[in-house]
Number of protein chains: 2
Amino acid sequence: MKAFHEYKNPSLAVDLVVFGYHDNTLSVLLLNRKEEPFKDQWTLPGGFLQMEETLRDTCARILLTKLGMKEVFMEQLYTFDDPARDPRGRVIAVGYYALINPSKFGIVAGTMANDVKWFDVKQLPVLGFDHQQIFEAALQRLRSKILYYPVGFELLDELFTITELHELYECILQMKLDRRNFRRKILDAGYIVNTGTKREGLKNRHPELYKFNKHLKKNSFHISTPEQE
Amino acid sequence: MKAFHEYKNPSLAVDLVVFGYHDNTLSVLLLNRKEEPFKDQWTLPGGFLQMEETLRDTCARILLTKLGMKEVFMEQLYTFDDPARDPRGRVIAVGYYALINPSKFGIVAGTMANDVKWFDVKQLPVLGFDHQQIFEAALQRLRSKILYYPVGFELLDELFTITELHELYECILQMKLDRRNFRRKILDAGYIVNTGTKREGLKNRHPELYKFNKHLKKNSFHISTPEQE
DNA sequence: ATTATTTCGCGTCACCTTAACGCTAAGTAA
DNA sequence: TTACTTAGCGTTAAGGTGACGCGAAATAAT
């Protein structure tokens, strides 16, 4: 057997799919590359692992230094290892996705550097590397996870109405959900708590404001999707 | 930004959780290490990625050369990156799990080298590295996957009875499932096809033999687990 | 004020799934 | 034959879910 250090190692990177929700639109944060390869093309933010970092540290560093975000929800997705995925050489990428509330960081349209931009997930440009594949894995994970786990709260303000939560679900899942059944399921699951306050200033009836219930019992609800043949 | 090759890279390895099912027992294949670190302790089979390999290639190579298995079901689990997980230095491990039918490879108890052994998942020894954690992730994945995806067939012979399939599910999930309801769900889902033949030589009524239906429609069944508080 | 309009919150009901369980058939052993 | 065990099919009551009705609350127009 070879000695431990004789193995040649590929480079190890993380690539991040950063989701944000704003104005009834689910968006992904993309970077316009200034270098080859894929110069002037849009790609996911990413970077190489430093020897003393965990993968999560690497993600946090990228989020903070490149995008000015901290303390965001993050989850490991999958590890992408196609030998040809990076034309510079062998690079293994561990994909992560993050959910952020853009309004928390003041990064809404227009306020960012022009090499960083939110794209509606329904209208993505052509992406460099294998980032289309990583993005699709992330969107699929988000869609399946939201059906049984309260992951959507990361995308909303601390206080929100059931209608806002409902719109978020319809937007992510890209399907209509009955308003009244959605309300019943979410409430029965105990995912949210009524704060007693109401959202003011709307032109119709003022809806009650809820917050996420952090002490929920798990696996207590399930949003069902239509049959697929 | 640094040039591409200036980054120091950790070593990249795969660790394999190989599940086998035999005599109503779910087992995992472990190796007794002959070298430091963790000399004489049990660990998961694993190995380092070669530059021209995919991760799946690495897994296949380990399965073939160390264990004599080929063409097995395999799935990527998760990537483990604790900086202290390997005392020799920084090693990132991509966990995979595999499902095999031990009788296909003639590796039942006693026929293997004494540094390779099947262990009942309920009675594992102390494992080296962070392999306990990897094993637990694999078992959890298997348990949740079997509830909605026909993954159990990899562990059985090509032809099997519903009772055998039922016992496999009870063994993996570690819970009682009503025999008659299980039968109905599996049949309704179209996961299995009756072959018309029967298992002979049993002392009671001879059950019908089924085989896996490869042309199944997806997401068509769901085994529910009892409520958890 | 009254009315129109829209969203919000609660309730109803029919249908389907599911868990629990009964019953008979098929095979072996006494 | 009888006893016993596993296999295969059926029944039923309870709970969950989808579809949808209706009045309440808020605003704007008459």
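All values below come from the heavy atoms of this structure, side chains included, with hydrogens, waters and symmetry mates left out. Convention: sequence-line order gives letters A, B, ...; per-chain numbering from 1.
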Below 4.0 Å: OP1/OP2 of C/dA19 and any side-chain N or O of B/K185: yes
Output yes when at least one side-chain N/O atom of A/R183 is less than 4.0 Å from OP1 or OP2 of C/dG9, else no. yes
Nearest of [options] to any side-chain atom of [X]?
| X | options | result |
| --- | --- | --- |
| A/R180 | C/dT12, C/dG9, D/dA7 | C/dG9 |
| A/R179 | C/dG9, C/dG27, D/dA26 | C/dG9 |
| A/H206 | D/dT27, C/dT28, C/dG9 | D/dT27 |
| B/R184 | C/dA20, C/dC8, D/dT6 | C/dA20 |
| A/N204 | D/dG18, C/dG27, C/dT5 | C/dT5 |

Rounding to a whole Å, what distance do you find between [X]:[atom1] and [N]:[atom2]?
| X | N | atom1 | atom2 | value |
| --- | --- | --- | --- | --- |
| A/F182 | D/dG16 | CZ | C1' | 17 Å |
| A/N181 | D/dG15 | CG | P | 19 Å |
| B/M175 | C/dA19 | CE | C1' | 14 Å |
| A/R199 | C/dT7 | CZ | P | 16 Å |
| B/E208 | D/dT6 | CD | C1' | 13 Å |
| B/I186 | D/dC9 | CD1 | P | 15 Å |
| A/L187 | D/dT17 | CG | C1' | 16 Å |
| A/E200 | D/dT27 | CD | P | 8 Å |

Hey, which of these two, A/R205 or B/P207, hits DNA chain D nearer its 5' end, going by closest nucleotide? B/P207
Could you walk me through whether B/E167 and B/Y169 pass the side-chain hydrogen bond (donor to acceptor under 3.5 Å, both in side chains) check? CA-CA 5 Å; B/E167 284 171 347; B/Y169 272 69; over 6 Å; no
The residue among A/V18, A/I134, A/L16, A/V14 that forms side chain to side chain contact (heavy atoms under 4.5 Å, CB included) with A/L44 is A/I134
Counting any heavy atom closer than 4.0 Å, what does B/T161 reach on the DNA or RNA strands: base, sugar-phosphate only, or nothing? nothing
Sugar-phosphate only, base, or nothing, as touched by B/L202 at under 4.0 Å among non-hydrogen atoms: sugar-phosphate
Establish, for the pair A/K145 and A/Y149, whether the NZ or CZ atom is under 6.0 angstrom from the six-membered ring centre and no further than 45 degrees off its axis. yes
Measure across A/Y97 and A/R141 and return the closest heavy-atom pair with its distance rounded to 0.1 Å. CE2-CG, 3.6 Å
Starting at the 5' end of DNA chain C and moving along, which residue's nearest nucleotide shows up first, A/K203 or A/Y210? A/K203
A/D157 and A/K211 ion-paired at < 4.0 Å: no
